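Please read the structure below before turning to the comments.
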Number of protein chains: 2
Amino acid sequence: MTERFVVLKLLIVILRCSSLNMGATKTDLFTKEQNDMAAMAKALAHPARIAILEYLVAKNVCITSTFVEELGLAQATVSQHLKELKLAGIIQGSIEGTSVCYCINPKIWKQYKALFNSFFKDVAPNGQDCC
Amino acid sequence: MTERFVVLKLLIVILRCSSLNMGATKTDLFTKEQNDMAAMAKALAHPARIAILEYLVAKNVCITSTFVEELGLAQATVSQHLKELKLAGIIQGSIEGTSVCYCINPKIWKQYKALFNSFFKDVAPNGQDCC
DNA sequence: TTTAATTATCGCAATATTGCAATAATACAA
DNA sequence: TTGTATTATTGCAATATTGCGATAATTAAA
């Protein structure tokens with residue numbers, strides 16, 4: 001009786017989990033705009049990537065080895081963060097000898113700026129309680 | 001000879017990993033402002049949380065059960081996302097009977113708006129190559 | 001062609017996030 | 001007090017992210 005119940009529960013768990021993708025974000029529940037907005041935020045969701053972007057905005061260009069010195073992270077780690085930013089489109093790299101020179105992608109940068117700006121619409125400055 | 005080498009390598013790995021915090025973000029390498037900016041971005045880095053904020057901006061107030069219907073995620077999952085947004089300070093909840101009524105925290109919302117806006121400084125619209 | 005310099009990728013371990021069922025906690029009504 | 005409705009928390013599994021050593025790939029110089 002109790003045994004049967006346990007077996008049944010186990011089967012349910014197995015069925016549920018074997019239908020896969022457990023633990024991953026359910027992107028299909030949301031609009032493309034919402035998923036894109038979240039993806040943009042994710043690209044900014046690490047202090048190293050914030051630091052990289054701030055540095056590029058201030059200095060215009062920078063090569064990987066300088067980022068490694070500036071950030072204090074291992075070369076492999078920095079390379080990965082740069083890859084993510086490049087994948088998000090917000091920076092671009094051009095090969096310069098044995099180095100790679102990175103800079104902001106101005107077009108995508110402006111898109112980010114515009115989308116974040118329109119996301120943060122003005123809200124009424126109501127009091128402490130909502131309802 | 002080879003054996004000694006292997007043992008030494010193992011020891012190095014153990015020492016390195018036992019100094020702990022492996023896999024976690026190295027926040028101490030960055031400024032408070034950079035960590036804060038990344039944390040704000042992280043709060044927005046999920047489509048469900050984007051959807052929640054958009055809904056609140058549009059409708060002003062909303063209770064948990066409505067979010068559950070709107071989002072199509074399980075109640076536990078929605079509750080967790082609301083908790084994260086509350087922890088980030090960007091929303092606030094007030095108990096209304098057996099429900100909890102959520103709304104944007106206008107003060108923090110404006111802070112987010114201002115900080116994202118000042119993060120996306122204007123960049124020169126240079127060409128394809130950086131250097 | 002060999003060597004040096006620089007960057008990208010692989011493989012692994014640790015931590016973090018996502019999602020949900022089950023259950024606990026809370027507030028109201030009967 | 002007991003039951004009902006709603007929300008929060010717990011515990012677990014799956015996936016994602018972070019970090020880095022080792023190594024491969026790429027480019028320029030010798």
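Everything numeric in this text was worked out from a predicted model, so none of it was measured. Computed from heavy atoms alone, side chains included, the values below leave out hydrogens, waters and symmetry copies. A note on names: the letters A, B, ... follow the listed sequences, proteins ahead of strands, and every chain is numbered from 1.
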Measure all distances between protein nitrogen or oxygen atoms and nitrogen or oxygen atoms of nucleotides 28-30 of chain D, and list the pairs falling under 3.5 Å.
none

Rounded off to whole Å, could you give me the [atom1]-to-[atom2] distance for the [X] and [N] pair?
X	N	atom1	atom2	value
I63(B)	dC28(C)	CD1	P	14 Å
L85(B)	dT17(C)	CG	P	13 Å
L87(A)	dT17(D)	CG	C1'	14 Å
Y102(B)	dT6(D)	OH	C1'	11 Å
L29(B)	dG19(D)	CG	C1'	11 Å

Would you say [X] and [Y] make side-chain contact, with heavy atoms under 4.5 Å?
X	Y	result
F119(B)	K113(A)	no
L71(A)	Y55(A)	no
L56(B)	V123(A)	no

| request: Name all residues meeting the side chain to side chain contact (heavy atoms under 4.5 Å, CB included) criterion together with T25(B); count only those two or more places apart in sequence or in a different chain, and write none if there are none. | output: H46(A), P47(A), T27(B)
| message | Can you list everything that forms a side-chain hydrogen bond (donor to acceptor under 3.5 Å, both in side chains) with E84(B)? Sequence neighbours excluded, please. | response | R49(B)
| First of S99(A) and T25(A) reached from the 5' end of DNA chain C, by closest nucleotide |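 Per heavy-atom nearest nucleotide, the more 5' residue is S99(A).
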| field | Residues which pass ring pair (Phe, Tyr, Trp, His ring centres under 6.0 Å) with F120(B), listed by chain and number, not counting sequence neighbours | value | W109(A), F116(A)
| message | Less than 4.0 angstrom between a side-chain N/O of T64(A) and OP1 or OP2 of dT6(C), yes or no? | response | no
| field | Phosphate-side-chain proximity, S65(B) and dA5(D), N/O vs OP1/OP2 below 4.0 Å | value |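 No, because none of the side-chain N or O atoms of S65(B) sits under 4.0 Å from OP1 or OP2 of dA5(D).
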| field | Proximity to DNA chain D (any heavy atom under 4.0 Å), residues of residues 34-46 of chain B only | value | none
| Does any residue of residues 67-83 of chain A have a heavy atom under 4.0 Å from DNA chain D, and if so, which ones, in number order? | L73(A), A74(A), A76(A), T77(A), Q80(A), H81(A)
| message | Using the rule that Ile, Leu, Val, Met, Phe, Trp and Tyr join whenever any side-chain heavy atoms are under 4.5 Å apart, tell me whether V100(B) and V78(B) fall into a single cluster. | response | yes
| task | Search all heavy atoms of A43(A) against all heavy atoms of Y112(A) and return the closest pair with its distance. | result |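 Heavy atoms only, the tightest pair is CB-OH, 4.1 Å.
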| Which atom pair, heavy atoms only, marks the closest approach of G89(B) to I108(B)? | O-CG1, 3.3 Å
| query | Just wondering, are more than 12 heavy atoms of other shown residues or ligands nearer than 6.0 Å to CG in L115(B)? | reply | yes
| query | From the list dT7(D), dT15(D), dA27(C), which nucleotide is the closest neighbour of the side chain of I95(B)? | reply |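 The listed nucleotide nearest to I95(B)'s side chain is dA27(C).
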| said: For the CZ atom of F30(B) and the CD1 atom of I50(A), what is their distance to the nearest 0.5 Å? | reply: 10.5 Å
